[in-house]
**Student:** 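The structure follows.
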Amino acid sequence: MVDYSAIEAKWQNAWEDARVFDGEPNQKKPYMVFAAFPYTNTALHIGHARTYGTTDVLARYKRMQGYNVLFPMGFHGTGTPVVSFATRIQNGDKELVEELKIFHIPEDDIAKMTDPNFIVAYFVKRIESDFRRTGFSIDWRRKFLTIEPMFMRFVEWQFGVLNKKGYLVKGKHPVGWCPKDDNAVGMHDTKHDVEPDIEKETVIKFKVDGEEAYLPCTTYRPETIFGVTNIFVNESVPYVLCRIEGQTGNFYITKAGAEMLRYQMKIDVVNEVSGKELLSKKAVNPMTGEIVPVMPGYFVKESIGTGVVMSVPAHAPFDYAALERLRTQGYDIQGIRAKKIIDVKIGRSLSDVAMGDVKPIHIDIPALGYLEVLHANANAIDDMLEFATKLEYREESHWGKMLVNGYEGMSQPEAREKIKADLITKKDAFEVNVLANAPVICRCGTQVVVKVVDDQWFINYGDESWKKIAREAYAGMRILPDKARNAFDAAIDWIDLRAVARARGLGTPFPLDKRFIIESLSDSTIYPAFYTIVNVIRDEDQSKLKPEFFDYVFLGLGDADKVARSTGIPFEKVSRCRASFTYWYTQTSNHSAAELIFNHFTMYIFNHAAIFNKTFWPKQIVANGMVNYEGEKMSKSLGNIIPLGDGIKKYGADTLRFLETAGSELFSDAEFGDDAANGVRERFDYLYSITDNIQKMDSGEMKQVDYWLYSKLNRKIDAATKAMEKMELRDVATNVLYNSILELKQYAAHSGNNNMVLRDYMSAIALMLNPFAPHVSEELWHMMGNESFASTEKWPNADTDMISDKIEVQAELVEGVIEDARQVMALMTRKGGKPASGVKIIVADDWKREVTNSLAENRNISKAMDKVKSLGPSINKEAAAKYISSLAKRVNELRKTDISQEEEFKSLDESKEYIAKALGAEVTIEKESGSRSQRAGRAAPLKPCIDIAQ
RNA sequence: GCAGGGGUGGCAGAGCCUGGCCAAAUGCGACGGGCUUAGGACCCGUUUACUUUAGUGUAUGCGAGAGUUCAAAUCUCUCCCCCUGCACCA
């Protein structure tokens, strides 16, 4: 057994000694790769190795291509997670402590984690050591944290530049809010980590008949206003009459609603009324002028929106059911008639099986029709009504056509937007923000509300001139994989205002309002530029890092001498920073998870376009998929997290890296599991044993099989290099590891044993494996007697002269013959024949090759006959005719060949023993013209006749 | 809902851009056989159904349906389903 942990330990230090990474500008072409920061409130699990793994693959590949490669890494500490982590430890959060135990964090370290600084320091150390063990070729000398003062000076400078360009704007913004904590809440602050989901709903003002007050109905579907038959209120909850800022008149809304809405608009309560009192009122539909009654609606929730809803029985199963229930309770609803306003074929999206033979009867009342196709009626339970509602909304939204005047024939979504806009223009409606997934509960136990913050700062990614240069920058970039391009196009169009200032958390104070902290994705958009200088300025006092310093280093403004004098940073350092930045930042590749396309990656493009000179715009983005473990998504809640350290111990660093980087296509999720890991490791084992055996072999005369192996090798190098350029890592892996082993096995089966050939083959494999499995690569490389480091060697070059289709076709021919012979033999024994005693393989004469080639080229039988004639009288015309007609049927499948009878004969003859062994029978090879077999005429080029004697 | 990516054999996953050697690579699994004291190791074979006493043929088949074509997993359209993201959350 190969001891992988010993091999890994041996090489990871050796690389540092060998200075695999240079890290300083030099004569070589630069190439800088980096991946988005890991967040520092957690240790890493094996899934995290994916993005860094593919980054390292590129780093190592480029290094082997002769580039001066820089692969730096920093850490993200900005934002709320670290702070709330500390708070949770303080509160003795059991869930969190259990999680930390999975990562083998000692109790006394956990106890110290009430201190945010300790948390960050702890995890930084942990991640670095795990990554070193994984064999990533990271230059740790440039490590930094986003919460270090020197980086904060850099971010301040960045925001200064953005502000000068007018990209920072102030405005209103809705956020999830905890009234008790008086704070914005995000996912980390709620029970069960629910993200508050804020949506806009329309409130339509129905004037109360004969009273200067309104019943404001909250709705997602303003277009159904044409079908309103009445208004529903909840008769058992308290309402208030109130004034709403920006709106004229008084409004009846639930007391609970008023409590929540006052965080987004000023509300003055005039007096309280009961829901019951409202039932006596009538209201005027602002669109149609109809006067409708107010009825009790059992399903109306007091804390969503205004607690007043409009009833559209034709298109809302809940409304229909509520009215039917009122009827059975004895209410007079004679005057209420459901009115269909959207036409749609009910149940269109349901399969025939689901529909059965049920046909909706009440197609004039779709809400009822939908209940009917679901085998339900107005008495159905709420879950069923909910289901019918969803179905109806979906179908109407897809196929529904409006039936009402003025909007006739419009699709439902189109009508909704139009009608909403019309109502708002006429001041008959306004919008409110609601919590779509209410109730959301803050960790403190309070119900979360929507608050509209009115002094929020934004980065205005919607600015058209900015979008224009961002698109220009993007157009010059390479996106891998290519199919991610569409997503970027969409993201650049879509990105708009992004709130940038936040009330709490770690990070850089927002320069325009120091009460706030810069939001944590926004402070990490141009950070890679900082890698190029961090090692130079780390020892300088952060107060010296004034804007003019960054202006000079990154924008080339001013001159080094002045900057040195005004900041106090030595002249040499200032110049060195500028030189380093301009050297490294010309070739960059940014790696991260695909899910970051719509935020980090897009912001990365925008900020670079806004701040830097074109020369330093991003050159390449690589988007990675996630990692699944045994078919499941890895997550703490599923409990299938494997800490990186454990994973290395269990599977070996190289196996882990290999599977995660090369086990699947870049963009799709990687599958990680024990079987797959064993498969990879067994293949590594095989490579070791082959390499070990090379020493015992001689280098005799080159045989056909040796040329074959060279051909395969060079084809492989060629394919792997092309795939590598496109980061099609799965292809590379298949070629380099899986197919090599198939080839090596086939080589051995053909008694291939040439020491020199195998050494060439294995050397190339060892080198091409380096980006994926560096430790294995080094070990194999050194086993073959090399003194240098594989990691600093050149990537192999394909010698295309060594690629021979002819030789490969001949090898395939042998396999094909075996396959065919087997089939025949199987057929014979199945039919009760005796086992074969001998197999004659008869190779077609040369004239057949010419005829076949003619047919393959012209697909024309008479031309083929002409060809026969042109070959002279020695050809038996009858046999030729028979041969041609046998091919006629498959004329489309025919291919030309340049392999002569002699060559075909030779390759079969050399493989005679191999074939005999495979078939378990004696084998003779003969030529058609010299054969006495009656079947010999059936021989065709590359499809020799097989004559089996029993 | 909107945007992006997908849906292929028991599973995983190629192929699709550039239609035809595609009953569909490769790996895993399952089954049969060999090697072995034994095997989780290795080697050989089988893995849609029927058909064929000579290396075949036919049918069905790549989410569903329709279309284009001599020919469709591959191109077009419609629909269904799954994954990811949707803004302060890193």
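Each chain gets a letter, A, B and so on, in the order the sequences are listed, and its residues count up from 1. All values reported here derive from a predicted model rather than from experimental measurement.
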**Student:** Between G55(B) and R822(A), is there an OP1 or OP2 to side-chain N/O distance shorter than 4.0 Å?
**Tutor:** no
**Student:** Could you check whether any side-chain heavy atom of L659(A) comes within less than 4.5 Å of a side-chain heavy atom of F772(A), counting everything from C-beta outward?
**Tutor:** no
**Student:** Can you tell me the base-pairing partner of U46(B)? Count Watson-Crick or G-U wobble geometry only, both distances below 3.5 Å, and say none if there is no partner.
**Tutor:** A30(B)
**Student:** Counting only Watson-Crick pairs (N1-N3 plus N6-O4 or O6-N4) and G-U wobbles (N1-O2, O6-N3), all under 3.5 Å, who is the partner of U60(B)?
**Tutor:** none
**Student:** Which nucleotide in the set G55(B), C88(B), G85(B) lies at the smallest distance from any side-chain heavy atom of F598(A)?
**Tutor:** G85(B)
**Student:** Please report, rounded to the nearest Å, how far the P atom of A54(B) is from the NZ atom of K840(A).
**Tutor:** 18 Å
**Student:** Given that both distances must come in under 3.5 Å, which nucleotide forms a Watson-Crick or G-U wobble pair with A14(B)?
**Tutor:** none
**Student:** Determine the contact category for D496(A): base if any of its heavy atoms lies under 4.0 Å from a base atom, sugar-phosphate if only primed atoms, P, OP1 or OP2 are that close, otherwise nothing.
**Tutor:** base
**Student:** Categorize K917(A) for me: base, sugar-phosphate, or nothing, with a 4.0 angstrom heavy-atom threshold over every strand shown.
**Tutor:** nothing
**Student:** Looking at every strand, decide which applies to L596(A) at a 4.0 Å heavy-atom threshold: base, sugar-phosphate, or nothing.
**Tutor:** nothing
**Student:** Centroid separation under 6.0 Å, is that true for the rings of Y461(A) and Y167(A)?
**Tutor:** no
**Student:** Heavy atoms under 4.0 Å, any strand shown: does R938(A) hit a base, just sugar-phosphate, or nothing?
**Tutor:** base
**Student:** For L497(A) and N599(A), take the nucleotide of RNA chain B holding the closest heavy atom to each; which residue's nucleotide lies nearer the 5' end?
**Tutor:** L497(A)
**Student:** Do we get R221(A) above Y393(A)'s six-membered ring, with its NZ or CZ under 6.0 Å from the centre and within 45° of the axis?
**Tutor:** yes
**Student:** With the side chain of F458(A) defined as its heavy atoms from C-beta on, choose the nearest nucleotide among G4(B), C88(B), A54(B).
**Tutor:** C88(B)
**Student:** For D731(A), which contact category applies under a 4.0 Å heavy-atom criterion: base, sugar-phosphate, or nothing?
**Tutor:** nothing
**Student:** What interatomic distance, in whole Å, is found between P of G13(B) and the corresponding atom of G20(B)?
**Tutor:** 24 Å
**Student:** Given U84(B), A87(B), G55(B), identify the nucleotide with an atom nearest to the side chain of E595(A).
**Tutor:** U84(B)
**Student:** Find the distance E199(A):CD to G1(B):C1' and express it as a whole number of Å.
**Tutor:** 8 Å
**Student:** Please give, in whole Å, the distance from A14(B) P to L729(A) CG?
**Tutor:** 13 Å
**Student:** Would R498(A) count as a cation-pi partner of F606(A), with NZ or CZ less than 6.0 Å from the six-membered ring centre and within 45° of the ring normal?
**Tutor:** no
**Student:** Write down the distance between CG (D493(A)) and P (C86(B)), rounded to a whole number of angstrom.
**Tutor:** 18 Å
**Student:** Select one nucleotide: of C86(B), G55(B), C88(B), the one nearest the side-chain heavy atoms of E519(A).
**Tutor:** C88(B)
**Student:** Applying a 3.5 Å limit to both distances, which nucleotide forms a Watson-Crick or G-U wobble pair with G19(B)?
**Tutor:** none
**Student:** Please confirm whether the backbone N or O of D731(A) pairs with a side-chain atom of E728(A), one donor and one acceptor, at under 3.5 Å?
**Tutor:** no
**Student:** Please report the interatomic distance CZ(R822(A)) to CD1(I946(A)), rounded to the nearest 0.5 Å.
**Tutor:** 11.5 Å
**Student:** Is the NZ or CZ atom of K745(A) positioned over Y686(A)'s six-membered ring, under 6.0 angstrom from the centre and within 45° of the axis?
**Tutor:** yes
**Student:** If you only use heavy atoms from C-beta on, which nucleotide in A54(B), A87(B), A3(B) is closest to the side chain of I948(A)?
**Tutor:** A54(B)
**Student:** Counting any heavy atom closer than 4.0 Å, what does T78(A) reach on the DNA or RNA strands: base, sugar-phosphate only, or nothing?
**Tutor:** sugar-phosphate
**Student:** Look at all strands and tell whether R498(A) reaches a base, only sugar-phosphate, or nothing, counting heavy atoms closer than 4.0 Å.
**Tutor:** base
**Student:** Would you mind pulling out the nucleotide paired to G40(B), Watson-Crick or G-U wobble, both distances under 3.5 Å?
**Tutor:** none
**Student:** Provide the distance between the two P atoms, one in C11(B) and one in C79(B), to the nearest whole Å.
**Tutor:** 28 Å
**Student:** Base, sugar-phosphate alone, or nothing: which one does N486(A) contact when heavy atoms must sit under 4.0 Å apart?
**Tutor:** sugar-phosphate
**Student:** Taking atom OG1 of T78(A) and atom CG of D523(A), what is their separation to the nearest 0.5 Å?
**Tutor:** 4.0 Å
**Student:** Base, sugar-phosphate or nothing for R683(A)? Non-hydrogen atoms, less than 4.0 Å.
**Tutor:** sugar-phosphate
**Student:** Using atom CD1 of I597(A) as one end and atom P of G5(B) as the other, report the distance to the nearest whole Å.
**Tutor:** 10 Å
**Student:** On the nucleotide C17(B), are OP1 or OP2 found under 4.0 Å from the side-chain N or O atoms that K483(A) carries?
**Tutor:** no
**Student:** U69(B) pairs with which nucleotide, Watson-Crick or G-U wobble, both distances below 3.5 Å?
**Tutor:** none
**Student:** Could you please name the partner base of G85(B), counting Watson-Crick and G-U wobble pairs only when both distances are under 3.5 Å?
**Tutor:** C2(B)
**Student:** Between H600(A) and N739(A), name the one whose nearest nucleotide on RNA chain B is closer to the 5' end.
**Tutor:** N739(A)
**Student:** Provide, to the nearest angstrom, the distance between the CZ atom belonging to R730(A) and the P atom belonging to G13(B).
**Tutor:** 8 Å
**Student:** Which of these nucleotides, G55(B), C42(B), A3(B), is closest to any side-chain atom of R935(A)?
**Tutor:** G55(B)
**Student:** What is the distance, rounded to the nearest whole Å, between atom OH of Y738(A) and atom C1' of A14(B)?
**Tutor:** 13 Å
**Student:** Whole angstrom is fine here: how far is it from OH in Y686(A) over to P in G27(B)?
**Tutor:** 13 Å
**Student:** Name the nucleic acid region contacted by A499(A), choosing base, sugar-phosphate or nothing; use a 4.0 angstrom heavy-atom cut-off, strictly under.
**Tutor:** base
**Student:** Just checking H173(A): base, sugar-phosphate only, or nothing, at a heavy-atom cut-off of under 4.0 Å?
**Tutor:** base
